[in-house]
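These numbers come from a predicted model, not from an experiment. Throughout, a chain's letter reflects where its sequence line sits, starting with A, and its residues are numbered from 1.
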Amino acid sequence: MIKSEPDVFGIDDLAAARGRRTSWDGVRNYQARNFLRDEMKRGDLAFFYHSNCAEPGIAGIAKIVKEGYPDTTAFDSSDPHYDPNSDPSRPRWYMVDVQLQRKLKRTIALAELKRHADDELRGFALLRRGNRLSVLPVSEEHWRFISSIE
DNA sequence: GCCAACGTTGGC
DNA sequence: GCCAACGTTGGC
């Protein structure tokens, strides 16, 4: 799952992007970085989640079209995500490229997902207390369940 | 706008 | 290595 604030870059922005794809850059959290760098494979699907907005929830599905590679925004001193501690010879931050697979027929609200926190979605990282990860794993079982309630 | 939950930073 | 201060995330 990849999270984004729709006011900044939402599912419709991805739909409007050239090739319906974009670089998922600017992630500056080590755990999230590890998922981008090590876990997400070309062809994998990811839920696109809208955070920090009126109706937080899953808005669409994206596909990983390029596996983890160094996040070049970290090297650009004029970029808001610039990190002087990330050296091009030893990059600290990684990104992937994603492409819109499709928007969901409806946004599956966080409130609805929460109703299944103790059964079908038990253990889902999104629902764990204090979760703030912007990139997080979804198990096969959880993926199938969420797909089934669309 | 408020606030809880973190992660990071930096002094010691 | 500890821990207080600070900044950020994100639901409400």
Subject >> Earlier contact from the 5' end, DNA chain B, for A:Asn85 and A:Asn131 >> reply: A:Asn131
**OP:** Report the residue (A:Asn29 or A:Asn52) whose heavy-atom-nearest nucleotide on DNA chain B is the more 5′ of the two.
**Re:** A:Asn52
**OP:** With the side chain counted from C-beta on, respond yes when A:Phe48 and A:Leu14 share a heavy-atom pair under 4.5 Å apart, and no when they do not.
**Re:** yes
Original post:
Under 4.5 Å between any side-chain heavy atoms of A:Val98 and A:Arg21, yes or no?
Top reply: no
**OP:** List the steps, then state whether side chain to side chain donor-acceptor pair (under 3.5 Å) holds for A:Asp25 with A:Thr73.
**Re:** CA-CA 7 Å; A:Asp25 59 21; A:Thr73 65; 4.8 Å; no
**OP:** Treating Ile, Leu, Val, Met, Phe, Trp and Tyr as nodes and any side-chain heavy-atom pair under 4.5 angstrom as an edge, say whether A:Val65 and A:Phe9 lie in one connected cluster.
**Re:** no
Original post:
Under 4.0 Å between a Lys/Arg side-chain N and an Asp/Glu carboxylate O for A:Asp12 and A:Lys103?
Top reply: yes
Original post:
Do the charged groups of A:Glu120 and A:Arg144 touch, with an N to O distance under 4.0 Å?
Top reply: no
Original post:
So where does chain A start and stop touching DNA chain C, 5' to 3', when the test is distance under 4.0 Å to a non-hydrogen atom?
Top reply: C:dG7 to C:dC12
Subject >> Any pair counted as ring-ring contact (aromatic ring centres under 6.0 Å, His included), so long as it reaches residues 92-147 of chain A, sequence neighbours left out >> reply: A:Tyr30-A:Trp93, A:Phe47-A:Trp143, A:His116-A:Phe145, A:Phe124-A:His142
Original post:
Yes or no on salt bridge (charged side-chain N to carboxylate O under 4.0 Å, His left out) for A:Arg28 and A:Asp71, after CA distance, side-chain angles and deciding distance?
Top reply: CA-CA 10 Å; A:Arg28 296 292 180 267; A:Asp71 182 344; 2.9 Å; yes
Original post:
Going by number, which of residues 103-119 of chain A have a non-hydrogen atom under 4.0 Å from DNA chain C?
Top reply: A:Leu110, A:Lys114
